[in-house]
Amino acid sequence: MSAVLTASPVADPSWLGLVAAGTLIAVALALSAAQQLGLGRSILWSAVRALVQLAAVGVVLGFLLAESTSILWSWAWVAVMVLFAAWTTARRAPEVPGMFTLSLSAYTASGVVTLAVLFGFGVFELEARTLVTLSGMVVGNSLAATVLVGRRLVESLQERRDEVEARLALGNTAAEASAPMVRSSVRTALIPQVETTKAVGIVLLPGAMVGLLLAGVEPAVAVKVQLAVMYLILGSVATTTAVVALGVRRRAFSADHRLVLDTPSHDRGS
Amino acid sequence: MPPLFELLEVHLSRSGEPVLEAFDLEVPDDGVTVLTGPSGSGKSTILRLCNRLLVPDSGTVRFRGVDVSQGDPCVLRRSVGMVFQQPTVFEGSVLDNLRAAEELDSTAAADLLGDVALDASFLDRRARDLSGGEQQRLCLARTLATSPVALLVDEGTSALDRKATRVLEELVVDLARRGTPVLWVTHDLDQAARIADHRRSLGNPS
């Protein structure tokens with residue numbers, strides 16, 4: 001990572017400039033008012049919340065990335081981040097049985113796989129700033145897909161209960177009977193990330209690259225870092241969705257291949 | 001010779017509500033046994049207990065003298081085929097549907113279709129484009145693909161018109177005559193009179 005440091009000046013907005021940028025919120029507020037979207041409070045609250053959260057993270061990162069701070073603190077931060085992400089995921093997908101444990105396993109597995117590749121092959125040097133930022137990328141970018149795959153799979157097993165039971169009645173195993181639903185749920189969750197990866201550079205300059213360019217890093221270096229990050233995100237999203245899908249399937253069926261997932265609205269026969 | 005199915009002291013509740021309480025039933029190992037009863041009396045539940053799509057809270061379910069809770073449920077379900085109330089065909093062609101049950105070549109698949117009075121030209125057709133009666137016959141053919149030794153039919157004609165109903169009844173009765181005993185659940189007493197070799201009833205039939 002030492003290669004990314006260059007002599008280009010860092011784009012450092014002044015506090016006054018930040019306030020000026022904040023006036024752009026007024027544009028969103030004006031649009032909400034003009035179109036009667038009823039989002040004014042929400043927009044204001046999200047802007048204030050982002051300010052407070054980023055300020056707090058700035059303080060924490062200042063501590064974590066200080067030269068005198070042990071990297072163990074960074075590992076602890078990663079653990080807290082993963083726990084918080086699992087809690088958020090479970091809150092967003094309450095209909096998925098055991099989602100906290102499932103997503104905790106998924107984020108952990110994804111982190112282990114992707115960071116092992118990046119650090120193990122020396123793509124990045126293992127230090128506080130790479131550990132904290134890359135772990136954040138893994139968890140943050142996997143969250144939406146994790147919620148989506150869990151919810152989608154539970155919904156489709158409930159909606160297509162007749163099909164699942166028809167397959168089970170043919171002697172299919174739970175894995176075979178649920179394969180079409182697992183496939184379509186994982187596809188649904190993965191496609192947005194695949195599309196984002198395809199569009200990168202053409203219609204989208206991703207955050208990490210923008211950050212590096214604003215920090216004065218040479219474009220060629222920013223591109224290399226961004227590519228590694230994109231692959232990291234793609235790998236982590238694939239890992240988390242696979243782990244969650246397999247976990248949901250395991251909970252939806254008994255060991256003797258019966259569908260035991262409740263279907264509240266389903267009339268289960270006379 | 002043990003009965004085809006035997007339910008002994010079976011209890012089953014769902015959402016805290018009892019569906020079956022101390023329930024006993026014997027199904028003879030020949031012909032068509034029709035189980036009648038009003039909606040909600042537990043008829044479909046009994047069929048699902050027979051192929052272990054459900055398990056009782058207590059009590060025993062036996063298939064030809066063997067407790068169904070012993071052994072591999074997938075093997076049991078391939079031996080005890082089931083036709084459901086709604087024809088449930090899968091995405092893809094008729095051939096794809098048959099192959100969801102068993103790896104079949106086109107000739108074997110065409111033979112199976114012949115057993116349910118559908119010709120080989122159906123093999124390449126999209127299963128979801130078939131009429132309700134054709135879909136239910138496809139479901140029967142798909143069930144027969146695993147060579148079951150007994151058949152469960154859960155209100156198998158309730159979604160069909162009169163003509164399609166008679167076709168399916170004849171096919172299943174013929175199957176029973178050729179040695180595959182059938183347990184058929186219905187609330188239709190006229191149908192029971194047409195097809196039953198043996199009758200059992202739950203509660204007060206409507």
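Hydrogens, waters and symmetry mates are skipped; everything else that's a heavy atom, side chains included, is used. By convention in this document, chain letters (A, B, ...) are assigned in the order of the sequence lines, proteins followed by strands, and residues within each chain are numbered from 1.
- Note: Phe90(B) CZ to Arg160(A) CZ = 10.0 Å, rounded to the nearest 0.5 Å.
- Put simply, of Glu102(B), Arg142(B), Arg52(B), the one with the most heavy-atom pairs under 4.5 Å next to chain A is Arg52(B).
- For Val89(B), no part lies under 4.5 angstrom from a heavy atom of chain A.
- For Glu155(A) and Arg152(A), the salt-bridge test passes: some basic side-chain N is under 4.0 Å from an acidic carboxylate O.
- Atom CG of Asp57(B) sits in a crowded spot, with more than 12 heavy atoms from other residues, nucleotides or ligands closer than 6.0 Å.
- Arg167(A) touches chain B through backbone and side chain together, each having a heavy atom under 4.5 Å away.
- By the 4.5 Å heavy-atom criterion applied to side chains, Leu35(B) and Val27(B) are not counted as neighbours.
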